[in-house]
Amino acid sequence: MMKVSFHGHSVVMIETNGKKILIDPFIRGNSQTDLNADTVECDVILLTHGHNDHVGDTVEIAKRNNALVVATADLATYLGFQGLNVHGMNIGGAYEFDFGRVKLTQAFHSSHYTEANQNIVYTGMPTGILFTAEGKTIYHLGDTGLFSDLKMIGEMNDIDLAFIPIGDNFTMGPEDAAIAAKWIGAKLVVPIHYNTFPVIQQDPNKFIELLDGVEGKVLQPGESITL
Ligand code: NI
Ligand code: MN
């Protein structure tokens, strides 16, 4: 059995095969999270892209837990320079890790990390993540606008659970996210990337109402789904 929990913004924790896999651990400054950056435990961190609201506390959490960090080659190289144990990948590529299979997908967005001294480091292409373990596939869309190849991703993969951004402004809003949900054909969709900042205020229940033939569920920070 796989336990998948939501922790506010785009933070997702997957527990499978005795391993804890943390996606986009933005904890400090995340008004929606129930996690504590000083105590959260993980074996692996998966990153969708380099924006600070996704990389978040990766450096500190990875060092304290001696966790492996998986991201695009560009972002992985940057984080490797900071002493982290990294595994670089790129869009369309999959790798079978001992904790599960990771495949990076396209996302239509941007990707950079803003350092404390206001220096901007571009970190390659943004991605979504297809994660497969125990015969189940989870699709974390990362940050993205609506694009038609989501249909192809849906046709090529049997997706059990998808995390879809609905905040608008930086990503899809609820209407486009409902179309994405239909195209990817997930058995269950969970809205993410909303209410963290003033410009991404949304009522997630309105997104659920917009869903057409797709099951959706709003998760409160800390709530989980068992697959
Ligand atoms: Ni972003
Ligand atoms: Mn974001």
Side-chain angles (χ1 to χ4, degrees), residues 5-14 21-35 37 40 45-62 69-79 88-91 102 104-116 118-131 138-147 149-150 153 162-177 180-181 184 189-204 207 218-219 221:
S5 50
F6 174 60
H7 299 281
H9 202 57
S10 296
V11 187
V12 170
M13 171 85 86
I14 301 169
I21 299 137
L22 190 55
I23 303 177
D24 287 357
F26 165 53
I27 313 291
R28 286 188 216 284
N30 179 351
S31 62
Q32 300 296 307
T33 198
D34 62 311
L35 296 179
V40 64
I45 294 173
L46 307 181
L47 297 175
T48 62
H49 63 297
H51 287 156
N52 296 53
D53 63 316
H54 296 259
V55 171
D57 306 283
T58 291
V59 172
E60 181 188 331
I61 294 169
V69 178
V70 179
T72 58
D74 319 58
L75 181 54
T77 300
Y78 172 71
L79 293 170
M89 299 181 64
N90 222 317
I91 291 171
V102 174
L104 298 184
T105 68
Q106 222 174 2
F108 269 71
H109 190 63
S110 62
S111 184
H112 72 267
Y113 187 79
T114 306
E115 298 180 319
Q118 300 187 347
N119 185 45
I120 286 180
V121 177
Y122 281 90
T123 47
M125 298 290 282
T127 67
I129 295 170
L130 283 163
F131 178 80
I138 298 164
Y139 182 21
H140 189 301
L141 276 73
D143 282 359
T144 187
L146 187 64
F147 60 101
D149 277 354
L150 287 167
I153 292 170
F163 290 94
I164 299 186
I166 65 156
D168 223 337
N169 194 78
F170 300 116
T171 68
M172 294 185 280
E175 293 82 8
D176 284 3
I184 62 181
V189 298
V190 172
I192 61 172
H193 211 273
Y194 61 92
N195 291 355
T196 326
F197 313 119
V199 294
I200 59 170
Q201 291 296 321
Q202 297 293 340
D203 177 353
F207 162 71
V218 174
L219 290 183

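Order of listing sets the numbers, starting from 1, for every ligand and every atom in it. What you are looking at is a predicted structure, and each value in this text was computed from that prediction instead of being measured.
Scanning both residues, A162 and L141, for their nearest heavy atoms gives CB-CD1, 4.4 Å. Taking every heavy atom of both residues into account, Q202 and N195 meet most closely at N-OD1, 2.8 Å. A181 and V189 make their closest contact through CB-CG1, 3.9 Å (heavy atoms, listed as atom of the first residue, atom of the second, distance).
Taking H140 as the reference, nothing meets the ring pair (Phe, Tyr, Trp, His ring centres under 6.0 Å) condition, with sequence neighbours excluded.
A donor-acceptor contact closer than 3.5 angstrom is absent between the side chains of D24 and H9.
Side-chain N or O atoms of T123 include one that pairs as donor or acceptor with a backbone N or O of S111 at under 3.5 Å.
Of all protein N/O/S atoms, those under 2.8 Å from the Mn ion (ligand 2) are D53 OD2, H54 NE2, D143 OD2, H193 NE2, and waters are not counted. Near-neighbour remark for the Ni ion (ligand 1): protein N, O or S atoms under 2.8 Å are H49 NE2, H51 ND1, H109 NE2, D143 OD2; waters not counted.
Of the candidates V70, L22, I23, L75, L47 forms a side-chain contact (heavy atoms from CB on, under 4.5 Å) with just one, namely L75.
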Taking distance alone, no hydrogens or angles, what donor-acceptor pairs closer than 3.5 Å link side-chain atoms of residues 163-171 to residues at least two apart or in another chain?
none

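In summary, the aromatic rings of Y122 and H112 are positioned with their centroids under 6.0 Å apart.
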